[in-house]
Structure formats: C-alpha cells, structure tokens
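Data first, discussion second: the structure below is written as structure tokens.
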Amino acid sequence: MAMTDPHINPAPVIRQLDDAAINRIAAGEVLERPASAVKELVENSIDAGAKRIEVVIADGGKTLIRVTDDGCGIAPGDLQLALSRHATSKIDGSDLLNINSFGFRGEALPSLGAVGRLTITSRVVGQEAASISVAGGNAGDARPAALTSGTVVELRDIFYATPARLKFLRTDRAEAQAISDVVKRLAMAEPFVTFILRDASGGDQRTTFRADAESGDLFDALHGRLRNVLGRDFADNALAIDTQRDGFHLTGYAALPTYSRGAAVAQFLFVNGRPVRDKMLLGALRAAYMDVLSRDRHPVAALFVDCDPTLVDVNVHPAKTEVRFRDPGIVRGLIVSGLRHALAEAGHRASTTVANATLGAMTPEPVAARVYQMDRPSFSARSMTFQAQAPGFGEAPSARVEPAVLDEPDNLPLGAARAQVHENYIIAQTEAGIVIVDQHAAHERLVYEKLKTQMAENGVAAQALLIPEIVEMTTAEVAQLMEIANDLGRLGLTLEPFGGGAIAVRETPAILGEINAEKMLRDILDELADQGESANVQSKIEAILSRVACHGSIRSGRRMQGAEMNALLREMEATPLSGQCNHGRPTYVELKLSDIERLFGRT
C-alpha cells in the first residue's frame with residue numbers, strides 16, 4: 001500500500017485578508033494595552049490644537065476610555081473616512097521625513113474600532129455636530145448629534161473583539177497607573193495645555209490628575225508643569241538646560257546628583273515634543289552623570305531635543321516611541337556636554353532634600369504652646385557675646401587663650417567654620433543657618449577633580465606590551481572596535497587588526513596596571529551593543545582615580561585646625577560638583593536657622 005509522505009503539503013493558497021482582519025493585525029502593533037489607546041487619542045487632540053483635554057477611564061480603561069477636547073473637530077463628511085486605514089489629515093504622503101505632528105500613520109481610529117466599541121462625536125466651527133459608531137470593525141453611518149465644539153471619542157470594552165488579548169492585561173490598578181503615566185508624559189510635553197484625568201470606576205468619578213495650562217515663557221511654563229507632575233522637590237533641585245549644536249537644540253531640566261533614584265523610573269525624554277524611549281538618548285543621560293553617581297543610582301531629568309524633522313525618523317515603529325537620528329553622535333554629544341556643563345555650573349550646590357531628610361530625622365516630639373524667647377541677636381551682639389564667652393576674656397593679653405577656630409565672615413556660601421565634631425564633621429555658621437560638612441567625602445571630591453584635570457592636561461599614559469596580546473573574535477566585532485580605535489587610543493588602549501577575525505592589543509592604559517585585555521575588549525563590545533558608544537575604558541580609569549582620591553583625602557578621625565577647615569570650605573565653593581562625593585552622596589547638609597528654631601518650638 002502506498003504511503004503519503006507527511007512532510008509533503010499541498011501548495012499554500014494566497015488570500016487577500018479582509019479589512020476587519022487587517023485592522024485587528026494593525027491593532028496588535030498600535031494597541032498593546034488601554035494606555036496605548038489613551039496615548040493615540042490624546043495625541044490626536046493635541047494635533048487638533050486643543051487647549052483643554054479631559055480623559056475619563058473606568059476599570060483601568062478596560063471598560064471605558066473617553067477623551068474630550070476643544071480642538072478643531074472633524075467635519076461630518078469626514079467621519080466615515082476617519083475610520084479608514086491610513087486616512088489622515090496630518091500628512092499628504094509626499095514627504096514621510098518632514099513630519100510635524102504626533103500622528104501621521106492613520107491607524108489609531110480604525111484599530112480602536114476593530115477591537116472595541118468606538119463612538120466619535122465632533123463639531124467643526126460653523127458646522128453641525130455629528131457622530132459615528134463602530135464595533136468590532138463594523139461601522140455605521142454618521143448621524144446628527146449635540147456638541148458645542150471639539151471632539152469626544154469614547155471607547156468601550158477594549159479588546160472585546162479579540163478576547164485573547166484581554167488575558168494579557170494586568171490588574172485594573174496597574175492599567176490605570178500606565179494610563180496616568182502616559183497622560184503625565186504628554187502633559188510635560190505641552191505645558192500650555194490643560195490636562196485632566198478622571199477615574200469613573202464603580203460609578204463614582206474622581207480626579208486623579210490635573211495640570212492647568214501654564215503661563216509665561218517656555219522655561220517658566222515647563223518649570224511649573226514639571227513641579228506639578230514630578231513634584232516640588234524635583235523643581236527645587238533641577239538645573240535648567242539650554243544648549244544647541246549643529247541644528248539640534250536641547251532644553252529641559254536635570255536634577256542635581258544628590259537628588260537621584262534607585263531605579264531609572266524618572267527619566268523623561270522628548271524629541272520634537274514626542275515622548276520617546278530611546279536607548280541611545282538614555283545612554284547619553286547615564287553617561288553625563290557617570291562621574292557623579294554610583295552604578296546603583298539613576299539621574300532624574302526631563303529633556304527635550306528639538307531639530308528639523310528631516311534630521312530624525314519617527315516612522316520606525318507603529319507605536320512611534322522609537323526614533324532614529326541621521327547623526328546620533330551629535331545628539332549624544334550634545335546631551336553629555338550640556339548636562340555636564342550644567343552640573344559644573346551648579347558648583348558646590350547640593351539638593352534641598354538632603355536637608356529635609358536631616359530635619360525629618362531630628363524632628364522632636366510635639367511641643368506645647370510657644371514659650372517666650374529673646375529675639376535673635378544682631379551680628380554685633382553675637383560677636384560681643386562670643387568674645388565675652390571666650391576663654392581668658394578680661395584677662396591680660398598674655399594670659400588670654402584664643403579660640404581654636406578663626407572667626408571668618410559667615411556671609412560666604414558655606415559660611416565660617418566654628419567647630420569639628422567626632423573628628424569628621426565640620427560645623428560652619430552661615431548668615432541664614434549652619435552647614436555640616438563631611439570632611440572626608442568633601443576632600444575626596446576635591447582631590448578627584450584635581451586628578452581628572454591633570455589627566456585631561458597630560459593625557460592618559462599608555463604602557464606598551466612586550467608581546468602584543470592577540471584576541472580572537474568575529475570579523476564584525478573587529479570592525480566595531482576599529483571604528484572607535486582612535487577614541488580608545490586617546491585613553492591609552494592601542495589596537496590593530498591582526499588579520500581575519502583577530503585583533504592585536506599593543507598598548508593598555510598604564511594607570512590600570514596589568515589587565516585582561518580580552519575581557520576588556522569584550523566589555524567594550526557589550527557597551528557598544530547596549531548604548532552605541534563605549535565608556536568602559538574611561539570609566540575604569542576614573543574608577544582608579546576615584547580610589548586614589550579616596551586614599552589621598554583627609555581621613556575620618558583626623559583633627560583639623562580652624563584654618564584648615566575654612567580652607568576646605570573655600571575650596572569646596574570654588575570646585576564644581578563638590579556638593580557630592582564621587583559616589584553621588586552629599587558632602588554637606590545645610591540647615592536654615594528658621595528650621596532649627598522650629599525644632600525647638602521657637603516659631
């Protein structure tokens with residue numbers, strides 16, 4: 001009996017998918033979760049010129065998403081067309097590189113209509129309002145409706161037409177949080193627009209986020225919006241960024257290193273106003289803080305890169321969260337140099353949250369009614385009192401014992417040293433309070449900055465290997481390393497191709513001593529794959545410098561004279577980044593006199 005080979009199949013038949021299937025496939029790329037739907041609809045409202053956008057959700061957006069705006073609206077005759085794939089008012093299709101709007105693919109509305117129950121009600125100025133509904137890809141006809149202006153898009157029962165997708169959604173709370181994050185990111189990008197987010201779960205509607213339109217110039221408006229979204233602590237401890245290079249303009253705010261997070265959850269990046277999650281941009285942000293934060297801390301920033309639309313491709317992915325720059329090196333260099341310059345300009349400044357945490361730890365038990373206290377004495381009175389209380393006051397000059405600390409003026413930023421406690425902490429008096437300095441951490445940063453300056457001026461010394469180390473790798477890996485060979489050479493690492501899939505290591509940085517060259521090259525390749533540029537050699541060198549600075553700085557347990565303490569304070573004031581040690585920890589805490597008085601009930 002003849003047997004049929006099970007591996008032989010009849011020729012497959014090519015079929016044209018219907019529109020409903022096409023829309024559901026497209027929805028899988030555009031709509032990952034309810035937050036994706038909110039993003040697409042709010043972006044449409046912004047593109048429509050809306051100045052007020054209200055989002056209402058229920059059950060994490062699973063049962064209801066309603067977006068109401070006061071934008072330009074959709075004409076009744078265009079409602080049916082708006083539900084067709086690749087129908088858009090944003091572009092004419094002639095130039096896909098010159099895109100000046102959030103949306104442009106014409107996929108959001110038909111995708112929403114394919115997986116849920118969608119209703120669009122809109123009115124254009126001078127025309128009657130109209131409404132259209134679509135469920136599971138089946139659209140009805142436009143009909144008259146009642147609406148004053150703008151557009152209301154209501155999506156109910158998302159993914160009811162594709163129930164398998166519902167199983168991949170998270171809890172209502174998690175989905176609601178994702179929606180809140182989306183709205184807040186878009187609110188950061190548009191500070192002159194009012195955003196309102198309400199939750200109608202359980203029948204009770206409550207406002208979970210509101211950001212009223214800001215006024216003033218762009219920087220003032222952005223600062224106010226970031227204060228609303230990210231909190232007062234960020235706004236108080238953020239540095240304004242404003243720099244440009246070769247057609248790219250970088251603006252925004254970046255926090256001081258002492259105001260950092262344990263995870264990369266507060267890093268917001270925008271390209272031409274569009275929120276993005278770009279690996280290269282995040283890598284540049286990390287590199288800018290590399291010298292002032294330990295590996296387990298992450299910077300906080302909201303940065304905006306603006307450029308001619310033709311210099312960046314936003315049509316990389318249907319979700320439009322990824323971008324591709326024509327010249328990524330320029331953008332990366334702009335971010336790194338712009339942030340490092342701003343951090344250096346901040347000088348010895350440390351975040352106010354350090355002082356707030358200190359006061360929180362020192363807060364006493366609640367006190368009763370205020371007890372009368374003398375008013376704060378004047379500067380001259382304080383000076384006379386200090387002299388009167390000094391040892392030997394009223395005695396002959398020869399018998400008088402001078403105070404251990406010099407009486408320098410306290411109107412300098414870090415004040416005048418008054419004492420040293422526990423052989424590690426300097427207490428300095430300022431005009432408005434006191435400063436507590438960790439002498440070891442502060443001097444460690446000062447020594448480190450000096451060593452870096454010396455390295456920059458004299459270059460990184462290289463040591464030649466008696467026998468070059470040959471490292472076997474793929475041809476592609478050799479090509480990657482040779483592309484950055486000149487940069488590595490400036491850091492003391494000299495490479496040469498050795499034919500085929502091998503590379504010769506001729507010189508290594510002298511400061512690193514004896515190293516495993518192959519392991520270093522593998523680490524560099526890993527960084528190239530991770531962030532597009534390797535800072536591995538430089539980070540190793542700076543880690544060595546940091547350790548040298550630690551050993552060469554004033555040790556804890558050493559007693560310091562008044563002149564030494566004041567000299568340390570003056571040097572801190574003149575040294576960039578001295579507000580934090582090499583690991584991102586604060587070098588000093590500043591307490592306002594009013595805060596100290598509040599601790600003792602002197603309010």
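All values below come from the heavy atoms of this structure, side chains included, with hydrogens, waters and symmetry mates left out.
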Atom CG of Asp141: over 12 foreign heavy atoms under 6.0 Å: no
Salt-bridge contact Asp236-Arg227 (side-chain N to carboxylate O under 4.0 Å): yes
Side-chain ion pair, Arg117 and Asp157, N-O less than 4.0 Å: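 Between Asp157 and Arg117 there is a salt bridge, with a charged N closer than 4.0 Å to a carboxylate O.
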Could you state the interatomic distance from [atom1] ([X]) to [atom2] ([Y]), rounded to the nearest 0.5 Å?
X: Ile65; Y: Leu41; atom1: CD1; atom2: CG; result: 7.0 Å
X: Arg245; Y: Ile335; atom1: CZ; atom2: CD1; result: 10.5 Å
X: Leu281; Y: Gln267; atom1: CG; atom2: CD; result: 11.0 Å
X: Thr63; Y: Ile57; atom1: OG1; atom2: CD1; result: 9.0 Å
X: Thr194; Y: Glu214; atom1: OG1; atom2: CD; result: 9.0 Å
X: Phe159; Y: Arg33; atom1: CZ; atom2: CZ; result: 10.0 Å

Nearest non-hydrogen partners of [X] and [Y], listed with the distance:
X: Asn272; Y: Cys307; answer: OD1-N, 2.8 Å
X: Ser578; Y: Thr587; answer: O-OG1, 2.6 Å
X: Gln127; Y: Ala75; answer: OE1-CB, 3.9 Å
X: Val134; Y: Gly113; answer: CG1-CA, 3.7 Å
X: Leu239; Y: Ala342; answer: CD1-O, 3.6 Å
X: Pro34; Y: Leu169; answer: CD-CD2, 3.8 Å

Parallel, tilted or perpendicular, as decided by the 30° and 60° cut-offs, for the rings of Phe304 and Phe270: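 Parallel, since the angle between the ring planes stays under 30°.
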Would you call [X] and [Y] a side-chain contact if the rule is heavy atoms closer than 4.5 Å?
X: Ile196; Y: Arg52; value: yes
X: Thr251; Y: Phe219; value: yes
X: Met188; Y: Leu226; value: yes
X: Val271; Y: Val312; value: yes
X: Val193; Y: Phe195; value: yes
X: Arg585; Y: Cys581; value: yes

Positive for salt bridge (Lys or Arg N to Asp or Glu O under 4.0 Å) with Glu54, one of Arg198, Arg210, Arg66: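 The passing option is Arg198.
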Residue from Asp306, Asp242, Thr243 passing side chain to side chain donor-acceptor pair (under 3.5 Å) with His249: Asp242
Main-chain N/O of [Y] paired with [X] side-chain donor or acceptor, under 3.5 Å:
X: His298; Y: Val265; value: no
X: Arg185; Y: Phe268; value: no
X: Asn237; Y: Asp233; value: yes
X: Asp313; Y: Arg324; value: no
X: Thr119; Y: Ser133; value: no
X: Arg123; Y: Gly73; value: no

Exercise: do Glu40 and Asn44 side chains pair donor with acceptor under 3.5 Å: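 Asn44 and Glu40 do not have a side-chain donor-acceptor pair below 3.5 Å.
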Arg170 and Glu175: CA distance, side-chain angles, deciding distance, salt bridge (charged side-chain N to carboxylate O under 4.0 Å, His left out) verdict: CA-CA 6 Å; Arg170 300 175 64 186; Glu175 296 298 340; 5.7 Å; no
Option passing side chain to side chain contact (heavy atoms under 4.5 Å, CB included) with Leu118 (candidates Leu83, Ile158, Ile132):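 Among Leu83, Ile158, Ile132, the one meeting side chain to side chain contact (heavy atoms under 4.5 Å, CB included) with Leu118 is Leu83.
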Given Val182, Val42, Ile179, the one that forms side chain to side chain contact (heavy atoms under 4.5 Å, CB included) with Leu197: Ile179
